[in-house]
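Below you'll find the structure, written out as structure tokens, and then a few comments.
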Amino acid sequence: MRHSNTTPSGAILASLLALGPSLASAFYFPGVAPTSYKTGEQVPLFVNHLTPANSQSDPKLRSVFSFDYYHPPFHFCRPENGPEFVRESLGSILFGDRIQSSPFELKMGQNETCKTLCSDQKFAPLDSKFVNSRIWQGYDLNWLIDGLPAAQLVKVGDDDPFYSPGFALGTVDREQPMFNNHYDIWIDYHEAGPNNFRVVGVLLEPSSLRDSTDCADNGYPMVLKENEETSVTFTYNVNWRLSPTPFATRWDKYLHVYDAKIHWFSLVNSAVIVVFLIGMVSTILVRTLKKDIARYNRLDQFALDDFGANGTVEDGVQEDSGWKLVHGDVFRAPKNPLFLAVVVGNGAQLFMMAGLTIAFALLGFLSPSNRGALGTVIIIFYTIFGFIGGYVSSRLYKFFHGESWKLCFFYTPVALPALVFATFFLLNLFVWGRGASGAVPFTTMLVLVIIWFVISVPLSLAGSWIGFKQPVVEAPVHTNQIPRQIPPSGGYLRPLPSMALAGVLPFGAIFVELYFIMNSIWFSKVYYMFGFLFICYGLMIMTSAAVTVLMIYFLLCAENYHWQWRSFCTAGASAFYVFASALLYWAKDVSFGSWTSGVLYLGYSALLSLLFFILTGTIGFFASWFFVLKIYKSIKVD
């Protein structure tokens, strides 16, 4: 369907598109100090793990496992003294990076033609079968030169060409996998001063050559035979090109915003939904509540005057109706108050961590030059905000008049992190069992546990203690000793229908960005559209709060005062749509060839959905809590 630019939404969209995708992808700082090279000086080339990309034939051949570059079946050339690992950040290790040295010799400004890296690498039939399977699965090689990934030039539609990190292990032609054993390396460099040069771009063109003495394409590709031994020679060319691109903007050509129009259409549609929803909530709640409060207070005054004159209360005004009828029960402690306080405290911790991480990325502090910076910052923020989690859970538990405060102190920093770590450890065993490089080392897990116990747990305990010492949040009305009977609810006010209706709206604000994030995670794409993500995060918060408040208002009008867990589950229900979208993405885009890949995908998808459930549930709970406190504070109750 074609959109007309004469409509208001079309005009908004046109103006947003005119700003360009760069505004949505956020700017960034260079992230690392520039390294300058003199002519002839050695420029190191590091190799990273092999990662699965889009399959070249059957989608069912796809995998989620990455492999070490020097995994024996690949027989890639090694340095004379063996490869050495490069020190990496905690986030880089968790995301699967395994960066090592290589035997390539690159000298600044000096071209090389048909240089032999190593010769007569023997591929046994089993090795050939293994490598051919990885070619069918579309695996990519990942090299780094001065912190920049070796990339291939890609052009999509009418967009400008951009650099796509990684290049193919091999290609498939006429149902025959061909192994790439020759590499044309094109390195762009910028002159920062006299005999002072900096690398600003790396392009790579792999090719499959057999029996080619001059590294020219002779029409005979390198095919690894699965029934006999195959000998392979690795060669490469190096071409240096002077570029006007400065060091500070060298990542611009890598950070491509995929389908910018789709992002903008999604944001505009989500914004329209949010504006409509908030307008509807404002109309219903503000006007209706204003009338309700005025009527209730007027009835109370009439009843008081009549009682002062006659000593009795008229039948017509003695009964309350609607949400005021449950004023004596609305602040009654919910079932399992300890569990609710713990999950809301953890949700507040996740909320602060996610918001600040996206804000840092938006402001450019998480430069892609710092590999693993995103994962490292997430761990740091989650650890630091353990104080917030403890403070919120203890204050909320005190509001519920809970008595097991020691258990609250203990479960808040332990329950959810222990569940996440146990799931992560179990899934990591599957990766380790397949011999993939993405398996997190035991020492790294030990570091995570130490950070958890040494920093996060004490901060959470300190927050819990401070929160416990704060005065309790006073309820504006008294709670009756005998609970009021709740009439049966029907239709959309039942738990499951209300969750299904309310959960779809917050999900609608993020589902497009969720698709691109899934692509980034499972296909090793660079995700840097934090401008879009920041806006979607704000829309999700507003949508979750508005729709939950609306549902809680209808629930109270139906004389049901069990709003605490209902508000949490109503907003958190969007997590079920997130998991359903992950299942759809699995069926549509990432069908796997092995059951272990499916277990990993489902396990991590379920874990992320659980965290999303706690995050959005916390948003809905706090919005409803403030709403209930506000409306019952506005009425007069004897």
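All values reported here derive from a predicted model rather than from experimental measurement. FYI, side chains are in, hydrogens and waters are out, and symmetry mates aren't considered; it's all heavy atoms of this structure.
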Can you give me the closest heavy-atom contact between Gln152 and Ala168, atom names plus distance?
OE1-N, 4.0 Å
Scan side-chain atoms only and decide if Asn195 and Thr39 contain a donor-acceptor pair under the 3.5 Å cut-off.
yes
Ignoring hydrogens and geometry, is there a side-chain-to-backbone donor-acceptor pair from Ser544 to Thr616 under 3.5 Å?
no
For Asp188 and Lys253: C-alpha separation, side-chain torsions, deciding distance, then whether salt bridge (charged side-chain N to carboxylate O under 4.0 Å, His left out) applies.
CA-CA 12 Å; Asp188 297 330; Lys253 58 177 72 76; 5.2 Å; no
So, taking the atom named CG in Leu90 and the one named OG1 in Thr376, what distance separates them when rounded to the nearest 0.5 Å?
5.5 Å
Taking all atoms of both residues into account, what is the closest heavy-atom pair of Glu513 and Cys536, and its distance?
CG-SG, 3.4 Å
Would you check if Tyr254 and Leu148 make a side-chain contact, meaning some heavy-atom pair closer than 4.5 Å?
yes
Answer yes or no: does atom CZ of Phe421 have more than 12 heavy-atom neighbours from other residues, nucleotides or ligands under 6.0 Å?
yes
Determine yes or no for a side-chain-to-main-chain donor-acceptor pair under 3.5 angstrom, with Asn48 supplying the side chain and Asn142 the backbone.
no
Qualifying residues under salt bridge (Lys or Arg N to Asp or Glu O under 4.0 Å), relative to Lys115, sequence neighbours excluded:
Glu105
Using side-chain heavy atoms (C-beta onward) and a distance below 4.5 Å, is Ser581 in contact with Phe507?
yes
For residues Asp120 and Thr233, report the shortest heavy-atom separation together with the two atoms involved.
N-OG1, 3.7 Å
Does the Asp97 side chain pair with the main chain of His49, one donor and one acceptor, at a distance under 3.5 Å?
no
Does the pair Tyr163 and Val154 meet the rule for a side chain to side chain contact (heavy atoms under 4.5 Å, CB included), with working shown?
CA-CA 6 Å; Tyr163 286 18; Val154 176; over 6 Å; no
Backbone of Ala354 reached by a side-chain donor or acceptor of Thr357 within 3.5 Å
no
Do other residues, nucleotides or ligands put more than 12 heavy atoms under 6.0 Å from the CZ atom of Phe534?
no
Just so I know, are the side chains of Ile510 and Phe612 near enough to count as touching, which here means a heavy-atom distance under 4.5 Å?
yes
Side chain Arg78, main chain Tyr70, donor-acceptor under 3.5 Å:
yes
Any donor-acceptor N/O pair, Ser208 side chain to Met222 backbone, under 3.5 Å:
yes
Does the pair Tyr601 and Met518 meet the rule for a side chain to side chain contact (heavy atoms under 4.5 Å, CB included), with working shown?
CA-CA 11 Å; Tyr601 181 85; Met518 298 287 281; 3.2 Å; yes
Residue pair Ala348 / Thr618: nearest heavy atoms and the distance that separates them:
N-CG2, 3.7 Å
Minimal non-hydrogen separation, Leu615 against Gly347, with atom names:
CD1-O, 4.2 Å
Closest heavy-atom contact between His190 and Ser243?
ND1-O, 3.2 Å
Could you please spell out the steps behind the side chain to side chain contact (heavy atoms under 4.5 Å, CB included) verdict for Ser102 and Tyr69?
CA-CA 10 Å; Ser102 76; Tyr69 184 84; 5.8 Å; no
Test Leu94 against Leu448 for side chain to side chain contact (heavy atoms under 4.5 Å, CB included), laying out the working first.
CA-CA 10 Å; Leu94 290 177; Leu448 289 176; 3.9 Å; yes
Taking the six-membered ring for Trp, are Tyr139 and Phe67 ring centroids under 6.0 Å apart?
yes
Given Phe179, Phe74, Phe104, the one that forms ring-ring contact (aromatic ring centres under 6.0 Å, His included) with Phe234
Phe179
Contact between Pro441 and Trp432 at the side-chain level, heavy atoms closer than 4.5 Å - yes or no?
no
Under 4.5 Å between any side-chain heavy atoms of Ile145 and Ile185, yes or no?
yes
For residues Phe511 and Tyr585, establish whether the separation of their ring centroids is below 6.0 Å.
no
Pairwise side-chain contact, Asp146 with Val202, heavy-atom cut-off 4.5 Å (strictly under)
no
Is the count of non-hydrogen atoms from other residues, nucleotides or ligands lying under 6.0 Å from Glu84 atom CD greater than 12?
no
Sorted by chain and residue number, the ring-ring contact (aromatic ring centres under 6.0 Å, His included) partners of Tyr537 (sequence neighbours excluded) come out as none
Do the non-hydrogen side-chain atoms of Leu607 and Leu427 ever get within less than 4.5 Å of each other?
no
Cut-off 3.5 Å, side chains only: do Ser207 and His182 have a donor facing an acceptor?
no
Can you confirm whether Asn181 sits close enough to Thr235 that some side-chain heavy atom of one is under 4.5 Å from a side-chain heavy atom of the other?
no
Is Glu88 reaching over with its side chain to a backbone N or O of Ile99, donor-acceptor style, under 3.5 angstrom?
yes
Determine, stepwise, if the pair Trp143 / Tyr183 fulfils ring pair (Phe, Tyr, Trp, His ring centres under 6.0 Å).
CA-CA 12 Å; Trp143 293 355; Tyr183 312 104; 4.9 Å; yes
So how far is it from Leu374 CG to Ser92 OG, rounded to the nearest 0.5 Å?
11.5 Å
Using only atom types and a distance under 3.5 Å, with no angle test, would you say the side chain of Thr543 pairs donor to acceptor with the backbone of Pro506?
no
Could you give the side-chain donor-acceptor pairs of residues 381-388 under 3.5 Å, partners two or more places apart or in another chain?
unit_1	atom_1	unit_2	atom_2	d
Thr383	OG1	Ile379	O	2.7

Would the distance check show the side chain of Trp240 and the main-chain N or O of Gln110 forming a donor-acceptor pair, the cut-off being under 3.5 Å?
yes
So, the side chain of Gln100 versus the backbone of Pro83: is there a donor-acceptor pair under 3.5 Å, distance only?
no
To the nearest 0.5 angstrom, please state how far the CD atom of Glu205 sits from the CZ atom of Phe167.
11.5 Å
Interatomic distance, CD1@Ile450 vs OG@Ser456, rounded to 0.5 Å, equals 14.0 Å
Measure the spacing between CG of Asn239 and CD of Glu112 and express it to the nearest 0.5 Å.
10.0 Å
Atom pair CD1 (Ile187) and CG (Leu242), whose distance is rounded to the nearest 0.5 Å
13.5 Å
